[in-house]
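See structure below.
Letters A, B, ... mirror the listed sequences (proteins, then strands); counts begin at 1.
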Amino acid sequence: MKWSKKLIHTLKEQPKNVENISHSLSIRAGLVRPLISGVYSYLPLGWRVISNIITIIKKEMNRIGGQELFLPALTPSELWEETGRWEEYGKEMFKLKDRRNRDMCLAPTHEEIMTEIARKEITSYKDLPQIWYQIQTKFRDEIRPRGGLFRLRQFIMKDSYSFDTNDEMFRKSYNLHREAYNNIFKRCGLDFITVKASSGLMGGSLSEEFMVFSESGEDVVVVCEKCGYKANREVAKAGESSKFKVQSSKDEPLTKVYTPVKGSVEEVSKFLKVPKTKLMKSLLYIIDEEPVFLLLDGEHELSDEKIRKLGTARAATPDEIKTIAGASPGYIGPVGLKTKVKKFADTFLKFQSGLITGANEDMYHFKGVNLERDLKIDEYVDLMLVNDGDKCENCGDSLKVKHTIEIGHIFNLGTKYSSSMGAFFLNKKGERRPIVMGSYGTSPERIMMSIIETHHDEDGIIWPLEIAPYKVLIIPLNIENPEVKNTAFTIWSDLNEKTETLIDDRNESVGVKFKDALLIGIPLQIIIGERSLKTGKVEIKSRDGKFSKVVKKEDASKEVIKIVNRE
RNA sequence: CGGGGGGUAGCGCAGCUUGGUAGCGCGCUUGGUUCGGGACCAAGAGGUCACGGGUUCGAAUCCCGUUCCCCCGACCA
């Protein structure tokens, strides 16, 4: 392709309102353009990349027996009501009405529609197993789209669904998907890990996420570099050994101290000149309509996911706090309460005493709190988010907290959807059984952004060969020099038939051409200039800087094809 | 939903405090020079200053409302 005839517009300057590197480069290299918050247009160069990623996904999905189909994005409310998700999904759904006032939504995911097909089409164990997938646009009205293309309101997703007779068979489908995902991400040049995850709105028990390490990521995982433990921070556990970090005197008497500062851990620890670990956070929650104190040490934070396991939970409002504990937020605590409130303490606290917490009186805290002596804990549970440096449960080594981008998620759905929507089959014995399902998602856009995030330098993108929008970029340095021009076009017309080749035939100065080449990141460059042409040669160079060779101009095409085929 | 920042040429920005002809850089067009690392000279085109209302002789600028974009947070005491 001739650059001069293509919509490949690069930007010299950093675009406004971008904060991560992949966002900036994808706009500067002319891959995408923003339309509205969380919605982007793909320009030709970006779409070629997405297409290449989709090609890989399809190949790997087909390899495990997946059958591609295509479902509507416009869906009726009735299906969602059958599973209760019309309400559950709430405002995240783009809901609309048709002209007859029928409730519809733009599908945020497709379990219901897939199950709807399964319940009509699958009647016998002989129909199973099945794996169906599609590559389709999803709509989610996110609370806050962020990080450029990482959290979008409209995005492309490869979602697949497995249908099996029982758990054992499901396991096979699940493992096939894990294998397919491993292959997809490897071929995309991504360095990733899998972690246990929470299944959120999807339901079901087993779920794993595929994660790429990146500072720009909005997910946080906990990893142990020694033994390989890894989990999403929401569900990660720290080992016992980190719980002995704080040792305080058991005999310290319970005393009330005047703390005329804001009630935050930060302020109180500074005022009393004690480490944050001495403080006990006392958080009042309403769980299953009942007030509950959640207690944890001053250095750790609550995991929303872990609270969710206790029941339907929400934080108490300031008014409720005042009524139940008799003080403002920041000065409340589980000691000496007038009303009876359940108390759940993080297991971390089991070994601690001499703690400081709110005295249920504004501007006062208790110190010397001993959990055994001064109050009755109803239950010790795991509540906290693991911090960097906490100890590993398995090996005792220090845990690391790292930012990641979630590029894939695989779920066991069990019979959640088949039971509620009536997708049954008859087994060999003629018994009616719900289909055991799994669902599996990955997003080409996320993959693209993750690749940029992990494959770039200060000058631009460095595409892996299989993903790149073009494999080769021919750069005639001075297009007005007839010899340069002719050589370039001769090589181009030969190479263009064999691999995707772009020729920078613009009448631009060399600086512009080199800078743009670095920015858009085509893996192989053929540089044609008067200097090397004097001896009948041209230069072949890889974008990553690992390869550079001067060859006879007649051999250029052959040499490049050798590299393309080898990789 | 709460808080903060922003919207002026295709892109990045200045001008706003103190109201008085709408500017700069990049990009774009034309002509010329240049060509192994974002070249130079010259001449141009391009604006509903987000939108609506108000104050004023006069508003990009002051006041009110709306809207869109970005960031942080969403009860972490």
Exercise. Want to settle it: does A:Lys541 or A:Gly147 sit nearer the 5' end of RNA chain B, counting the closest nucleotide to each?
Worked result: A:Lys541
Scan the side chains in residues 279-296 of chain A for donor-acceptor partners under 3.5 Å anywhere in the protein, sequence neighbours excluded, and list what turns up.
| from | atom 1 | to | atom 2 | distance (Å) |
| --- | --- | --- | --- | --- |
| A:Lys281 | NZ | A:His300 | O | 3.0 |
| A:Ser282 | OG | A:Thr357 | OG1 | 2.6 |
| A:Asp288 | OD1 | A:Thr312 | N | 2.9 |

Contacts under 3.5 Å, N or O only, protein and nucleotides 41-43 of chain B:
none

Exercise. Hey, is NZ on A:Lys237 packed in by over 12 heavy atoms from elsewhere, all under 6.0 Å?
Worked result: no
For this session: Determine the interatomic distance between P on B:rG3 and the same-named atom on B:rA74; round to the nearest Å.
Result: 15 Å
Problem set entry | Qualifying residues under ring-ring contact (aromatic ring centres under 6.0 Å, His included), relative to A:Tyr40, sequence neighbours excluded | A:His23
Problem set entry | Side-chain heavy-atom pair A:Val223, A:Lys402 within 4.5 angstrom cut-off | yes
Exercise. Just how far, in rounded Å, is C1' of B:rG37 from CZ of A:Arg531?
Worked result: 11 Å
Exercise. According to the Watson-Crick and G-U wobble definitions, with both distances under 3.5 Å, which nucleotide is paired to B:rG31?
Worked result: B:rC41
Problem set entry | Pairwise P distance for B:rC63 and B:rA39, with rounding to whole Å | 44 Å
For this session: Inspect the surroundings of NZ in A:Lys485 and state if more than 12 heavy atoms from other residues, nucleotides or ligands are less than 6.0 Å away.
Result: no
Exercise. Looking at A:Phe155, does the NZ or CZ of A:Arg446 lie under 6.0 angstrom from its six-membered ring centre and within 45 degrees of the ring axis?
Worked result: no
Problem set entry | Passing option when A:Asn232 is tested against A:Val222, A:Asp219, A:Thr404 for side chain to side chain contact (heavy atoms under 4.5 Å, CB included) | A:Asp219
Exercise. Which base, if any, makes a Watson-Crick or G-U wobble pair with B:rG58, both distances under 3.5 Å?
Worked result: none
Exercise. Taking the C1' atom of each, how far is B:rG7 from B:rU61, in whole Å?
Worked result: 15 Å
All N/O pairs under 3.5 Å across the protein-nucleotides 2-12 of chain B interface:
| from | atom 1 | to | atom 2 | distance (Å) |
| --- | --- | --- | --- | --- |
| B:rG12 | OP1 | A:Lys16 | N | 3.3 |

Exercise. Among side-chain atoms of A:Glu539 and A:Ser548, is any donor-acceptor pair under 3.5 angstrom?
Worked result: yes
Exercise. What pairs meet the salt bridge (Lys or Arg N to Asp or Glu O under 4.0 Å) rule with one or both residues in residues 353-371 of chain A, with sequence neighbours excluded?
Worked result: A:Lys256-A:Glu361, A:Lys322-A:Asp362
Exercise. Nearest-Å distance, CZ (A:Arg506) to C1' (B:rA39)?
Worked result: 15 Å
For this session: Between B:rG32 and B:rG15, how far apart are the C1' atoms? Round to whole Å, please.
Result: 35 Å
Exercise. In terms of side-chain heavy atoms of A:Leu283, which of B:rC76, B:rG37, B:rG38 is nearest?
Worked result: B:rC76
Exercise. Are more than 12 heavy atoms from other residues, nucleotides or ligands located less than 6.0 Å from atom CE of A:Met1?
Worked result: no
Exercise. Mind checking what makes salt bridge (Lys or Arg N to Asp or Glu O under 4.0 Å) contact with A:Lys546, not counting sequence neighbours?
Worked result: none
Exercise. Do any of residues 543-555 of chain A sit with a heavy atom less than 4.0 Å from RNA chain B, and if so which?
Worked result: none
Exercise. Is B:rG52 paired to anything, Watson-Crick or G-U wobble with both distances less than 3.5 Å, and if yes, which nucleotide?
Worked result: B:rC64
Problem set entry | Between B:rG38 (C1') and A:Glu508 (CD): distance, integer Å | 9 Å
Exercise. Near RNA chain B, which residues from residues 514-521 of chain A have a heavy atom under 4.0 Å away?
Worked result: A:Phe514, A:Lys515, A:Asp516, A:Leu518
Problem set entry | Position toward the 5' end of RNA chain B (nearest nucleotide), A:Val510 or A:Ser303 | A:Val510
Exercise. How would you label the contact of A:Ile143 with the nucleic acid (heavy atoms, under 4.0 Å): base, sugar-phosphate, or nothing?
Worked result: base
For this session: Can you tell me the pairing partner of B:rG25 across any strand shown, Watson-Crick or G-U wobble, with both distances under 3.5 angstrom?
Result: B:rC11
For this session: Considering only atom P, compute the distance from B:rG73 to B:rG37 and round it to an integer number of Å.
Result: 45 Å
Exercise. Quick one: do the A:Thr501 and A:Lys471 side chains pair a donor with an acceptor below 3.5 Å?
Worked result: no
Problem set entry | Carboxylate-amine/guanidinium contact A:Arg543 A:Asp457, below 4.0 Å | yes
Problem set entry | Interface residues of residues 468-486 of chain A with RNA chain B (non-hydrogen, below 4.0 angstrom) | A:Leu477, A:Asn478, A:Glu480
Problem set entry | Candidate nucleotides B:rG73, B:rG38, B:rC76, ranked by approach to the side chain of A:Arg146 - the nearest | B:rG73
Problem set entry | Positions of residues 446-461 of chain A (non-hydrogen atom under 4.0 Å from RNA chain B), listed by number | none
Seminar exercise, completed: Sequence neighbours excluded, the answer for salt bridge (Lys or Arg N to Asp or Glu O under 4.0 Å) partners of A:Lys273 is none
Problem set entry | Spacing of A:Lys12 atom NZ relative to B:rC13 atom P, expressed in whole Å | 16 Å
Exercise. When the distance from CG of A:Leu296 to P of B:rC76 is rounded to whole Å, what number comes out?
Worked result: 12 Å
Seminar exercise, completed: Checking N1-N3 plus N6-O4 or O6-N4 for Watson-Crick, or N1-O2 and O6-N3 for wobble, each under 3.5 Å, the partner of B:rG73 is B:rC1
Seminar exercise, completed: Sequence neighbours excluded, the answer for side-chain hydrogen bond (donor to acceptor under 3.5 Å, both in side chains) partners of A:Tyr364 is none
Problem set entry | Any N/O donor-acceptor pair, A:Ser532 side-chain to B:rG36 base, under 3.5 Å | yes
